[in-house]
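What follows is a short report on a single structure.
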Amino acid sequence: MRNEMRSVRWRRILLILAVVLAVAGVGGVVAAVVAYNEATKIDRSNPKIVVDEYLRAALVTKDDVGVNLHVCDDSAGLAPIRELREEFDGRERDFGVVVLVTWGAMTGETNGNGSTVTTTLTISGRKDGAVISKRSETWRFALVESGGWRVCGAQRAPEPVPSASASL
């Protein structure tokens with residue numbers, strides 16, 4: 001009888017331990033899922049952040065899924081960026097170069113549910129590790145706030161025309 005009581009006691013202890021471990025395991029899984037969700041959440045709180053992520057997806061990683069996460073439902077106004085990407089792809093294919101795009105500081109103006117962000121894209125062509133061409137272009141991006149900021153339009157800003165007196 002004494003052995004039976006010890007056996008019952010050990011079974012209870014093991015059962016309690018198993019329940020505690022199971023609850024801790026489930027809690028750990030839930031915490032991991034929440035942490036992963038926070039780490040991979042798309043930040044649409046600031047127009048400049050959205051433009052940065054859009055440019056990275058459109059011109060650096062060439063990730064159409066990533067692009068679609070940052071644009072308006074009607075993205076017809078983004079045709080100039082799509083054309084720029086097609087130009088890069090063609091140059092890489094035709095000339096065996098690697099086209100790299102970087103951008104500088106962004107300036108922005110927000111007015112109600114709309115925002116405009118301006119930045120300078122620096123586009124360089126590299127072959128065998130050496131820069132063989134480089135140019136800079138100023139671009140303006142139009143965004144709309146719709147459950148978070150979304151890029152709806154892009155246009156290259158006209159280059160300033162040097163004045164005649166500047167060359168004197």
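Positions are given from 1, in the same order as the sequence printed here. Just the heavy atoms: all of them, side chains too, but no hydrogens, waters or symmetry mates, feed the values below.
To the nearest 0.5 angstrom, S45 atom OG is 10.0 Å from E145 atom CD. In this structure, the separation between CG on D94 and CD on E87 is 11.0 Å, given to the nearest 0.5 Å. Remark: I49 CD1 to I42 CD1 distance equals 13.0 Å, nearest 0.5 Å. One distance of note links OG of S146 with CG of N113; it measures 8.5 Å at 0.5 Å rounding.
The hydrophobic cluster containing V60 also contains I81, counting ILVMFWY residues as joined when their side-chain heavy atoms lie under 4.5 angstrom apart, directly or transitively. One hydrophobic cluster holds both F88 and L121 under the rule that ILVMFWY side chains link at heavy-atom gaps under 4.5 Å. In this structure, V67 is a member of the same hydrophobic cluster as M106, with clusters built from ILVMFWY side-chain heavy atoms closer than 4.5 Å. Hydrophobic clustering (ILVMFWY, side-chain heavy atoms < 4.5 Å, transitive): F141 and V144 are in distinct clusters. Under a hydrophobic clustering in which Ile, Leu, Val, Met, Phe, Trp and Tyr are joined whenever their side-chain heavy atoms come within less than 4.5 Å, directly or via other members, V98 and V131 fall into different clusters.
Between the side chain of S124 and the backbone N or O of K134, no donor-acceptor pair lies under 3.5 Å. Using a distance-only test at 3.5 Å, with no hydrogens or angles considered, a donor-acceptor pair links the side chain of E92 to the main chain of V99. For S136 (side chain) and T122 (main-chain N/O), no donor-acceptor pair under 3.5 Å exists by modelled atom type. With hydrogens and angles disregarded, no donor-acceptor distance shorter than 3.5 Å links the side chain of K62 to the backbone of R56. Within the 3.5 Å criterion, the main-chain N or O of D64 finds a donor-acceptor partner in the side chain of N68. In terms of modelled atom types and a separation under 3.5 Å, the side chain of N111 and the main chain of G114 share no donor-acceptor contact.
T118 is not listed as a side-chain neighbour of W139, based on a closest heavy-atom distance of 4.5 Å or more. V117 places a side-chain heavy atom less than 4.5 Å from the side chain of L143. Looking at E53 and D43, their side chains never come closer than 4.5 Å, going by heavy atoms from C-beta outward. For the pair R85 and D89, the minimum side-chain heavy-atom distance is below 4.5 Å. Considering only heavy atoms from C-beta on, H70 comes within 4.5 Å of V50 through its side chain. Using a 4.5 Å cut-off on side-chain heavy atoms (C-beta onward), Y54 and L59 make no contact. With contacts defined as side-chain heavy-atom distances shorter than 4.5 Å, the pair W149/V51 does not qualify. For the pair L55 and V101, the minimum side-chain heavy-atom distance is 4.5 Å or more.
In plain terms, the two heavy atoms of G66 and A57 that are nearest each other are C-CB, 3.7 Å. Minimum interatomic distance between L69 and R150 (heavy atoms only, all atoms of both residues): O-NH1, 3.7 Å.
In summary, R82 and E86 do not engage in a salt bridge, as defined by a charged side-chain N under 4.0 Å from a carboxylate O. Of the charged side-chain nitrogens involved, none lies within less than 4.0 Å of a carboxylate oxygen, so that K48 and E109 do not count as a salt-bridged pair.
No more than 12 heavy atoms of other residues, nucleotides or ligands lie within 6.0 Å of CZ in R11, so this atom counts as exposed by the packing criterion.
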### Query
Passes side chain to side chain contact (heavy atoms under 4.5 Å, CB included), R126 versus V97? Steps please.
CA-CA 5 Å; R126 296 176 185 250; V97 296; over 6 Å; no

### Task
Walk me through it: do I123 and E137 pass the test side chain to side chain contact (heavy atoms under 4.5 Å, CB included)?
CA-CA 8 Å; I123 303 155; E137 301 175 354; 3.8 Å; yes

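When hydrophobic residues (I, L, V, M, F, W, Y) are linked wherever their side-chain heavy atoms come within less than 4.5 Å, the members clustered with I13 are W10.
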